[in-house]
Amino acid sequence: MPLLEVTDLIAGYGRVEVISKISFSIEAGKSVGIVGPNGVGKSTLLQAIAGGISPSGGSIKLDGVDIKGKKPEDIVRLGLSLVPEGRQIFSGLSVKENLALGLTGRKDKKGSVEAILKMKELFPVLSTHENHQAGMLSGGQQQQLAIARALISEPKVLLLDEPSLGLAPTVIDDVFDRLKQIIALGTAVVIVEQRANLVTTFAEETLVIRDGHVQSRLTPADAANLASLEKSYFGAGE
Amino acid sequence: MIQSILDAISLGGLYALAALGLGLVFGVMRLVNFAHGELITIAAYMLVVTVNLPLIISLLLTVLVTAAVAFLMELTIYRRLRGVNPAIMLIASFGLSTVLQRVYELIFGALPKSAVVAPFLNGAFKFAGLSITISSVITIVLTVVILLAMGYLVEKTSLGLQLRAAAADFRTARLLGVRSNRLISAAFVLSGVLATCVAFILVVENPEVNPYYGVNITILALVGIVIGGISSLRGAALGGFVVGVILSALNTLLGNGRVYAYSWLFLLVLIILLVRPGGFLSKGSELERV
Amino acid sequence: MKHGGYTKFSLQNLLGPLALLTVATYFLNGASTSLQLITQFALCYFVMVLALQVFVGNSGVLSFGHGSFALLGSYVSGMLTAPVHIKGHALALNQLWSFLVPLQVNIYVAMALSALISGAVAALTGILLMRLNGLAAGIATFALLGVTYNIFFNNKQIGPGSQALPAVPTITNTYILLLIAALSLVCVYFFNISRIGRTILATREDAMAAPALGVSIFKVRLIAFSISGVLAGLAGSMYVHVAGTFQVQDYYLDFTFMTLSMLIVGGSASIWGALVGTVLITGVGQILLMMEQNLPVFGLHITIPLGSRAVIIAVTFVAMLLWRSSGITNGREFSLDFLKKLSKKN
């Protein structure tokens, strides 16, 4: 049984429907990419899954439990974390405090100390800066902090909204290496990306979204001829 | 002179407490709760009505009732307005404030109710040849203790961390698991506790409680949080303090012109809003995004 | 646009409110002496609510400051028309600057002057205030009200201070007030459907709308604020000539809350909303007052405890906000479309 199963999801803001009938599923230790031009509803999709906005139709099952329409604070306790677009770390709080906030999403408080230690091991840079204001970190460090903060609740599924945004190429590689480690530990990871080639090579399956619905599904094999595909998928109207 | 300085500091401390109550609620839901004044009023009424009970029991009862009113006001009114235009929320809190004033008038009557609360705090003592009122010293001590306790709560506890995170970005805080309903309720209950502290200090000096008892201090505390920067608790408290000190100073310096102290104060607010919409402690114009 | 709003001239949008205004005035005015006075006050309130509609309703920016302009209008009109011997001898005015004593103009000239002066003050303060948005604007306008009130309440050289300026001549003919209110309504309507009016309404929904249209949001808001200042001054002037006395306290928090409630309960985005809100709150208030006094309402004797009227009005207002924050009319203009819908259903 897939860990996360999204079926015919419909969501939007107010009366405006941004995504219509999107379906996909993901299993433990796997990754799914989501690509598409700006404004097609990629972020809306992640927000709808994580509870940031309330979907108007379809179903979302996390490990067999229906989470559609639940509050974000409850969904995170059920094992799904979102790293939102633009990272959204608390720049006025210290790195330590940012990580501690991640603890609020844990089901029980046992193992809190270990969870933080584990993150510091996975992201050593956070350990060196733990007493600094999070706003003082570099973009790449902030992204690591945002991922670490989301992982502290030990989610079964991790959603990431444009983790490469504003980062230098070498830093992007570093972030994706961490993601590989996380996936290897059994977490299912969904990555929304603007850079199609990056995520298509990385993920087992990549959804191309256009005008609110899935236009096609790619595998890493498609990455090679992505250039020609990109023309047909993103070309017109861009 | 020393007495004037003590008065200024104690007034500043009092306004800091009131501003802190407003700031706590603003932080979590971007609401300027005009009806905070009515929390102070109900607390003052409770202290006067229960004056014959031992002080500690009277205080406990007051805290319970005030916190309950604060909790209920969020549960029944503000919870339903979450996410609507802040202007509508502001008007609603204005409306709620009127509702409560009228209800108090029905229950307690339009005429002031009065009783001597904690009489041992009235009077003066001699220090280095100067006569100093006990209440001003007690106010300062009490304020410092409460501010320290609040500081500890906000800076060192998990609840405080969540309050600060929610004030900065509620959406993200919820994604991390901060329970919105509980946190907002907690902020309201805390603001009720602070309102009780303010009411206690006020009632000792002025026991004539009427339905509008808390309005004035709330308006001035509001001025304080605008001056200090509405989005940080430290700014709110400091702003409240500054307003108290300025008002005290104006009252001393203006002489017969002291009736215009409010005008000067409001003028100051206008200038600060125009120059730094986020308050003088803010880095940018944080109010803009409200 | 979410709130219906104005697009182009529509006769029913204009005539609907005019008809209600006239009919309501006609029936209430004739009913009894006390109702006549209520009607006259309601017409003053309506002009004030129109003033708020032009600025608050169209721009979505909150103002607690319009009480200042009403106060000013009322003061100017009262001061210019109160008899010289009253100004010279009333105890409340014994510190009045002597040059104010002999000033005397015709009542309608005074009204025009007070509207103009309030408008000018609104324009001047607006230059500063219109740079602010949202909450900052709300608090800054509140500060403006605070300063005005504080000065007029305490300064006995410019006016009666906390006391009353008596013997202000009154307008007893309700239809003169109706005419002023109707003219104000027409002016506001044509302003709202003008290019500037539509631009301001567009900025209510989306702050980027004005820049997108190549207009400065500051300029359009300043224009609306000045016009609403003129109307608020006029409303204050009407009020003083109905009440027959000028008193600072009449234009403070209760006045501000009452008029804002009228606008918001009715629906702030339209003139129709402003009118419906005024009629409703005045009407409900009057009915409850009669109940408090144990008078029959539509032949029924329902008695409510003394003092509960104010509670009921305030509770209704808050409940209204919870139920429908865009007001009873949902911010739409008057239209006969709902009749068509009704006939289709039947």
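So you know, we letter chains A, B, ... as the sequences are listed, proteins then strands, and number each from 1. Just the heavy atoms: all of them, side chains too, but no hydrogens, waters or symmetry mates, feed the values below.
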Relative to chain B, which segment of [X] carries a heavy atom at a distance below 4.5 Å: side chain, backbone, both, or neither?
X       : answer
Y149(C) : neither
F257(C) : both
V315(C) : both
I313(C) : neither

Separation between [atom1] of [X] and [atom2] of [Y], rounded to the nearest 0.5 Å:
X       : Y       : atom1 : atom2 : result
Q101(B) : L253(C) : CD    : CG    : 8.5 Å
L81(B)  : L322(C) : CG    : CG    : 5.0 Å
N154(C) : N256(B) : CG    : CG    : 12.0 Å
L128(C) : L273(B) : CG    : CG    : 11.5 Å
N155(C) : Y260(B) : CG    : OH    : 3.5 Å

| query | What residues of residues 69-78 of chain B sit under 4.5 Å from chain C when you count only heavy atoms? | reply |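 Hits under 4.5 Å: T76(B), I77(B).
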
| query | Around R80(B), counting heavy atoms of other residues, nucleotides and ligands shown, do more than 12 lie under 6.0 Å from its CZ? | reply |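 Counting other residues, nucleotides and ligands, CZ of R80(B) stays at 12 neighbours or fewer.
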
| query | Does atom NZ of K113(B) have more than 12 heavy-atom neighbours from other groups under 6.0 Å away? | reply | no

What part of [X] is in contact with chain C, defined as an atom under 4.5 angstrom from a non-hydrogen atom: side chain, backbone, both or neither?
X       : result
I219(B) : side chain
V32(B)  : side chain
F34(B)  : side chain

| Any side-chain heavy-atom pair from F64(C) and L90(B) closer than 4.5 angstrom? |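 A side-chain contact exists here, since the closest heavy-atom pair is under 4.5 Å.
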
| task | Evaluate the ring planes of F142(C) and F266(B), with Trp represented by its six-membered ring, and classify them as parallel (under 30°), tilted (30 to 60°) or perpendicular (over 60°). | result |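 Correct class here is perpendicular.
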
| request: Write down the atom of V318(C), the atom of A92(B), and the distance for their closest heavy-atom approach. | output: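 Scanning both residues, the minimum pair turns out to be CG2-O, 4.3 Å.
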
| message | Please give me the minimum heavy-atom distance between G95(B) and A314(C), naming the atom from each residue. | response |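 Closest approach of G95(B) to A314(C), heavy atoms only: O-CB, 4.4 Å.
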
| query | Most heavy-atom pairs under 4.5 angstrom with chain B, which of A140(C), G138(C), A319(C)? | reply | A140(C)

| request: Count the heavy-atom pairs under 4.5 Å between each of I91(B), L96(B), L270(B) and chain C, then report the option with the highest count. | output: I91(B)

| Pick from E105(B), R102(B), M89(B) with the largest number of heavy-atom pairs that fall under 4.5 Å of chain C |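 Option with the top pair count is R102(B).
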
